[in-house]
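One structure is given here, and the rest of the page talks about it.
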Amino acid sequence: MEEDIAILDALIFSSETPLTVERMREILPQYDRQGILGLLKTLAEHHEARQGGFGLCEIAGGWQFYSRPDLAPWVRKLKAGRPQMLSPAALETLAVVAYRQPVVKADIDRVRGVDVGGTLKGLLEKRLVRMVGRKDVPGRPILYGTTKRFLEVFQLKDLTELPTLTELKDIQA
Amino acid sequence: MEEDIAILDALIFSSETPLTVERMREILPQYDRQGILGLLKTLAEHHEARQGGFGLCEIAGGWQFYSRPDLAPWVRKLKAGRPQMLSPAALETLAVVAYRQPVVKADIDRVRGVDVGGTLKGLLEKRLVRMVGRKDVPGRPILYGTTKRFLEVFQLKDLTELPTLTELKDIQA
Amino acid sequence: MSYEIKLDVFEGPLDLLLYLIRKNEIDIYNIPIALITRQYLEYLDLMKALNLDLAGEYLVLAATLLHIKSRMLLPVPEEEDGGTEDEAGDPRAELVQQLLEYQAFKEAALQLDRRTLLERDVFKRGAPPEALPGEEGEETPIEADIFTLVEAFQRMLSQLDQADLMEIDLERISLADRINEIMDSLALRRDMTFAELMGEQITRQRIVYTFLAVLELMKLRMIRVYQAASFAAIRIFIVGEE
């Protein structure tokens, strides 16, 4: 492996969160953005080709190694304990925040038809949702949006990767 | 790569501590100790041969991936810029300054119930808090307030965006 | 226990209504409101009979359904050009809209759950990053979010049990804000006129807080204020550290 690619390999491996191209450029300033992307492509192909237990993915605006999804049953055995799942209520609230952001609590309440206070607090604590500011209307209510961690947990490159909301013509379908 | 070696690759990658041969055997019970050691040898050679940024090492009675020692200068650069988390004590002190500013140290001590000298110094060094003046009472104690960097770090447009306690109760309802 | 069963089955009144519509294989654009209202109320009775804690939202929707039902019974007023049943005139229209919107988000939530999820389907490197001998120097970025700050504050207040004493005064915060802004501007410029301090967005509130901030800073002896002559520009100077 070329030395600079090996450096990227080590950097991404050592980083706790997805490593951005900008951060890589700060450490390897001899490359422009295009140059780094070229190295990343080679590195991703290298990991693809070796058919190991983990590979390189572009997630949440950066790059990170993740274990192969088809090996999850073995890794879960290692981690023991059940994975922390989100309740349907939490997922629905999260969906409204993700698609409507920035959004105030009253709008989430209205869409879901219930008071989302409890689930919203849970999502804030899990750092999937954060306060992003205040709406410029009387009372200046708090606006909520999703976090980088949301992208990481749901393995999204960015918010544009979310599928468009399905417009259901027929509810029986 | 053979499938069982890829499983070991994923297990060692995902493990929080060096993975012991015994633990590997619990997950791949079809192998005896000698069998696992054989797979590990192949895996170590595979990582050696690919000349990437990290490799497999036997450490503390288990196996773990480590970044290549000769690439440490680059990895260190990465760590230097790693975002730091604030301790609970720092957050509490910062919260008192943010909500009560301009405030003297004696008042923060009283609210927190401890001497905040150390944490306050840390916050001043991090440029989250600064001296904004002196209180017009005997001894003219220093008044503290938050900085522009505080607004930047917490992504607030201005201090009026700080959530109030009433709002906080609202999301917990 | 029984309370949890209810929570497991329906995520709210809209969810219950969607369930009834699906169960009856009804066209959502043409809901037989009498039938659905009856079944909805029957369900609420069942929940009450089982001694389930009925959230207020279920009753609100029951009232809405009854209101729509009564409006459906009224004769439809004749339109001028003979048209009788346009969308806007249908008492069910708003509810249909709400149901469609909720259904879309319910589907979006399911799609989220079907994605490859971290810690369920894929895993990050488990070991903490290796400790390398550090090199001190540059300012490290800080990772924090406002929720953890506010939580810290609240935690502290609950220990103190004197929350009322610490209730946040928005006016005071606004004043602190202006004081900080003025000190930031003066740190760069050394002296400024009152008009310059006001900046571009001049609102009544901003004028008041700027004035109060200047008074406060004078009291704190952080600034000095001069006026060369009556009606001349008021100049504000920062006081150097002694």
Side-chain angles (χ1 to χ4, degrees), chain A residues 13-17 54 57 59 64-72 75-76 78-79 83-96 98-100 109-115 121 124-125 127 129-131 140 147 149 152-156 162-163 165-172, chain C residues 7-8 10-18 21-22 24-29 31 55-58 60-61 96 98-130 132 143 145-151 170:
Chain A
F13 169 79
S14 304
S15 175
E16 276 174 283
T17 51
F54 54 94
C57 300
I59 295 292
Q64 180 82 287
F65 290 115
Y66 291 103
S67 68
R68 253 169 52 191
D70 61 312
L71 300 180
V75 183
R76 275 206 290 268
L78 175 77
K79 302 267 175 183
Q84 278 213 335
M85 305 279 235
L86 289 169
S87 69
L91 280 166
E92 284 180 17
T93 304
L94 190 56
V96 181
Y99 281 94
R100 284 280 157 88
D109 284 346
R110 191 188 48 75
V111 171
R112 288 208 46 225
V114 292
D115 183 341
K121 180 163 186 271
L124 284 160
E125 273 167 0
R127 291 195 301 114
V129 163
R130 65 187 180 99
M131 304 175 187
R140 304 192 64 226
T147 59
R149 182 165 166 78
E152 227 194 311
V153 167
F154 288 90
Q155 297 277 293
L156 294 156
L162 281 174
L165 272 189
T166 42
E167 282 175 38
L168 289 161
K169 292 277 172 261
D170 189 355
I171 202 152
Q172 296 166 69
Chain C
L7 287 181
D8 269 356
F10 298 111
E11 300 307 325
L14 292 174
D15 201 25
L16 168 55
L17 203 53
L18 276 181
I21 289 167
R22 212 177 279 128
N24 290 291
E25 295 180 357
I26 288 165
D27 174 7
I28 194 166
Y29 289 103
I31 302 171
E57 293 108 352
Y58 283 91
V60 172
L61 186 61
V96 169
Q98 208 183 350
L99 279 170
L100 287 173
E101 192 183 25
Y102 174 68
Q103 169 77 11
F105 281 109
K106 205 173 155 60
E107 175 57 31
L110 286 174
Q111 284 190 12
L112 276 179
D113 200 37
R114 278 195 290 262
R115 291 191 63 85
T116 301
L117 289 194
L118 188 66
E119 299 284 306
R120 183 183 76 184
D121 308 310
V122 294
F123 296 84
K124 283 207 281 191
R125 183 185 165 219
E130 298 137 67
L132 291 169
E143 194 175 288
D145 67 83
I146 192 67
F147 185 69
T148 50
L149 180 80
V150 182
E151 267 224 323
L170 265 183

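By convention in this document, chain letters (A, B, ...) are assigned in the order of the sequence lines, proteins followed by strands, and residues within each chain are numbered from 1. Quick caveat, the model's predicted, so the values are computed rather than measured.
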Options [options], ranked by heavy-atom pairs under 4.5 Å with chain C, top entry:
options                       : value
A:Q64, A:R127, A:E92          : A:E92
A:L162, A:T147, A:V111, A:I59 : A:V111
A:E16, A:M131, A:R68          : A:E16

Tell me, for [X] versus chain A, whether the close heavy atoms (under 4.5 Å) come from the side chain, the backbone, both or neither.
X      : result
C:L112 : both
C:L117 : both
C:R120 : both
C:E119 : backbone

Could you pull out all residues at least two apart from A:F154 that satisfy ring pair (Phe, Tyr, Trp, His ring centres under 6.0 Å)?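 For A:F154, the residues satisfying ring pair (Phe, Tyr, Trp, His ring centres under 6.0 Å) (neighbours in sequence not counted) are A:F150.
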Counting only non-hydrogen atoms closer than 4.5 Å, does [X] touch chain C with its backbone (N, CA, C, O), its side chain (CB onward), both, or neither?
X      : answer
A:L156 : both
A:R130 : neither
A:Q155 : both
A:R110 : both
A:F65  : backbone

For A:A72 and C:D121, which heavy atoms make the closest approach, and how far apart are they?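 Distance-wise, the nearest heavy atoms are CB-O, 3.4 Å.
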From C:L18 CG over to C:L100 CG, what is the distance, rounded to the nearest 0.5 angstrom?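 Separation between the atoms: 8.5 Å.
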Short N-O contact, A:R149 and A:E125, less than 4.0 angstrom: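 Answer for the salt bridge query: no.
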Just to verify, what does C:D145 make a side chain to side chain donor-acceptor pair (under 3.5 Å) with, not counting sequence neighbours?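 Scan of C:D145 (side chain to side chain donor-acceptor pair (under 3.5 Å), adjacent residues dropped) gives none.
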Which one wins on heavy-atom pair count under 4.5 Å against chain A: C:I146, C:L110, C:T116?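 Of the options given, most contacts go to C:T116.
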